[in-house]
Amino acid sequence: MTVEEKLNLITRNCEEILTKDELTALLQSGEKLRHYIGFEISGKVHLGTGLISMGKVADFLKAGVECNVFLADWHTYINNKLDGNWKHIIMVARDYFQEAMEASLECFGVKSGAVNFILASDLYKNTRHWQNLMEVSKNVNLARVRRSITIAGKKEGEAIDFATLIYPPLQVADIFTLGVNLAQAAIDQRKAHVIARQIAKKLTISPLLNQKGQKIAPVACHQNFVLSLAKPAFWPIDKKMDKDTFATAFKMAKSKPNAAIFVHDSPEAIREKVGKAFCPPEVNFNPVLNWARYLIFWGEDKGELRVSRLAKFGGNKTYYSYRELEQDYAHGQLHPQDLKTAVADWLIVKLAPARKRFEKDRPKKGLAFLEKITALRQSPEPSPRRG
């Protein structure tokens with residue numbers, strides 16, 4: 001495979017690469033690319049994680065990259081996900097989350113074992129991670145950390161506990177403890193990657209080194225993300241909105257199950273959720289078109305989406321170009337309901353391997369356990385007894 005072919009695989013369907021020139025230089029030098037993407041352990045795995053993130057991992061594997069999925073249990077605890085219950089976090093990480101990630105990879109033809117799954121607790125025990133955390137912290141000021149808490153889903157300026165301030169440097173330190181030169185995430189994690197890149201050549205404990213022994217900064221790959229199916233709280237959209245606000249407000253969230261598709265959802269659930277999706281007549285900020293663009297056409301113009309409809313409504317049509325799909329929709333030649341049906345049909349087929357995996361014993365039990373503890377957290381407190 002040529003450098004150009006590898007570069008295309010790594011960078012396609014990405015919003016940003018920091019930087020493409022550095023990535024090209026690594027590929028041209030024959031440098032071994034070691035990748036990671038980290039996830040908090042919280043809730044069911046939706047398409048943003050299962051198809052966008054794991055689809056990019058599949059691209060990296062094709063390009064010869066060593067891929068690692070980081071199960072961030074410490075970060076989950078700091079962010080009080082799963083109520084900060086360590087036992088639940090570890091069980092969900094291994095019995096559900098890893099299974100869901102592997103199920104998602106199977107949707108792209110990737111077999112189990114092709115990707116390394118690393119639990120943060122295991123990594124931190126046998127490495128110099130806490131020294132790395134201290135050195136990262138010494139090279140970033142408090143104001144910068146406060147601005148970076150958005151990576152943990154917090155708003156800058158809101159009241160937080162001190163542990164939340166540890167979250168950004170902890171995430172940055174992960175990159176150097178793992179020794180990865182290719183960090184992947186959605187755009188909402190950009191601030192952590194920028195810090196890592198800016199301080200990389202100042203570090204002495206576990207710096208990233210190239211084959212010549214020179215300190216280098218990690219390349220950051222920021223994937224596109226899929227929009228929530230729900231209508232946004234404020235509409236129409238201010239096109240001048242900053243990236244952090246947009247990502248927080250519009251990306252798919254586990255906490256809104258009717259606005260997200262989970263990788264193990266049944267065909268009936270997929271049809272129902274997509275059928276009720278917000279699908280305005282415009283092409284910008286349209287969740288269903290967004291899914292077609294970034295999931296089906298994979299951020300490129302070429303792909304295939306089949307629309308089935310009665311002859312009186314235009315008859316069946318197969319789109320091989322996203323631009324043609326978008327143009328037809330913009331000019332009213334493709335009805336929103338026909339678009340929804342086509343996207344739902346594609347998802348049902350694409351997610352078939354994931355549904356099949358969740359028929360197996362361990363992932364089925366893992367999902368049942370997650371649903372049980374989630375239900376307990378959401379159930380109302382019993383009324384106090386009166387004497």
Flag side-chain contact, heavy atom, 4.5 Å: Val274 against Leu347: yes
pair Ser148-Ile195: side-chain heavy atoms closer than 4.5 Å: yes
Ile261 reachable from Leu367 in the ILVMFWY side-chain graph, under 4.5 Å edges: yes
Flag if over 12 foreign heavy atoms under 6.0 Å of CZ, Arg146: no
Under-4.0 Å salt bridge between Lys111 and Glu106: no
Ile149 backbone acceptor or donor facing Lys154 side chain under 3.5 Å: no
Working for side-chain hydrogen bond (donor to acceptor under 3.5 Å, both in side chains), residues Asn181 and Glu31: CA-CA 10 Å; Asn181 51 17; Glu31 196 80 36; 5.2 Å; no
Any pair counted as ring-ring contact (aromatic ring centres under 6.0 Å, His included), so long as it reaches residues 145-186, sequence neighbours left out: His75-Tyr167
Lys56 versus Trp298, closest heavy-atom pair with distance: N-CZ2, 3.6 Å
Among Arg306, Arg271, Lys350, the one residue meeting side-chain hydrogen bond (donor to acceptor under 3.5 Å, both in side chains) with Asp345: Arg271
Check: Asp73 side chain, Ile90 main-chain N or O, donor-acceptor pair, under 3.5 Å: no
Shortest non-hydrogen contact between Ala93 and Leu119, atoms and distance: CB-CD1, 4.1 Å
Pair Asp95 + Lys87, salt bridge at N-O below 4.0 Å: no
Electrostatic pair Lys276:Glu272 at N-O distance under 4.0 angstrom: yes
Exceeds 12 heavy-atom contacts within 6.0 angstrom, atom NZ of Lys138: no
Val288-Val283 co-clustered via ILVMFWY side chain contacts under 4.5 Å: yes
Arg197 side chain vs Ala217 backbone, donor-acceptor pair below 3.5 Å: no
Thr76 side chain near Val92 side chain, heavy-atom distance below 4.5 Å: no
Within the 6.0 Å centroid threshold, strictly below: His335 and Tyr329: no
Audit row: Ser29, Gln211, side-chain hydrogen bond (donor to acceptor under 3.5 Å, both in side chains) steps and yes/no: CA-CA 9 Å; Ser29 69; Gln211 292 174 343; 5.1 Å; no
Lys215 side-chain N/O to Leu203 backbone N/O, donor-acceptor pair under 3.5 Å: yes
Close side-chain approach of Leu295 to Leu47, heavy-atom, < 4.5 Å: yes
Ile175-Trp130 co-clustered via ILVMFWY side chain contacts under 4.5 Å: yes
Residue pair Val180 / Pro218: nearest heavy atoms and the distance that separates them: O-CB, 4.0 Å
Heavy-atom check, side chain of Glu371 versus side chain of Thr374, under 4.5 Å: no
Residue pair Gln198 / Arg144, side-chain donor-acceptor N/O under 3.5 Å: yes
Heavy-atom side-chain proximity of His35 to Glu66 below 4.5 angstrom: no
Full working for side-chain hydrogen bond (donor to acceptor under 3.5 Å, both in side chains) between Arg12 and Gln223: CA-CA 9 Å; Arg12 67 181 185 174; Gln223 66 200 35; over 6 Å; no
Leu26 reachable from Met1 in the ILVMFWY side-chain graph, under 4.5 Å edges: no
Tyr319 and Glu304, any side-chain heavy atoms less than 4.5 Å apart: no
Connected via hydrophobic side-chain network under 4.5 Å: Val263 and Phe39: yes
Validation: residues 2-9 side-chain donor-acceptor distances under 3.5 Å, sequence neighbours left out:
from : atom 1 : to   : atom 2 : distance (Å)
Thr2 : OG1    : Glu5 : N      : 3.1
Thr2 : OG1    : Glu5 : OE1    : 3.4
Glu5 : OE1    : Thr2 : N      : 2.9

Ring geometry between Tyr77 and Trp86 (parallel below 30°, tilted from 30 to 60°, perpendicular above 60°): parallel
Shortest non-hydrogen contact between Lys44 and Tyr96, atoms and distance: CA-OH, 3.2 Å
Working for salt bridge (Lys or Arg N to Asp or Glu O under 4.0 Å), residues Lys364 and Glu359: CA-CA 6 Å; Lys364 186 189 295 185; Glu359 293 173 358; over 6 Å; no
Which atom of Leu339 lies closest to which atom of Cys279, heavy atoms considered: CD2-SG, 4.2 Å
Asp328 with Lys317: basic N within carboxylate O range, under 4.0 Å: yes
Short side-chain donor-acceptor distance under 3.5 Å, Gln184 and Ser53: no
Geometric class of the Tyr124/Trp74 ring pair [parallel <30°, tilted 30-60°, perpendicular >60°]: tilted
CA sep, side-chain torsions, deciding dist, call: Thr164, Asp161, side-chain hydrogen bond (donor to acceptor under 3.5 Å, both in side chains): CA-CA 6 Å; Thr164 302; Asp161 56 37; 2.9 Å; yes
Minimum side-chain heavy-atom gap Tyr322-Glu326 below 4.5 Å: yes
Neighbour count above 12 (heavy atom, 6.0 Å) for Lys20 NZ: no
Check ion pair Arg147-Glu156 (N to O, under 4.0 angstrom): no
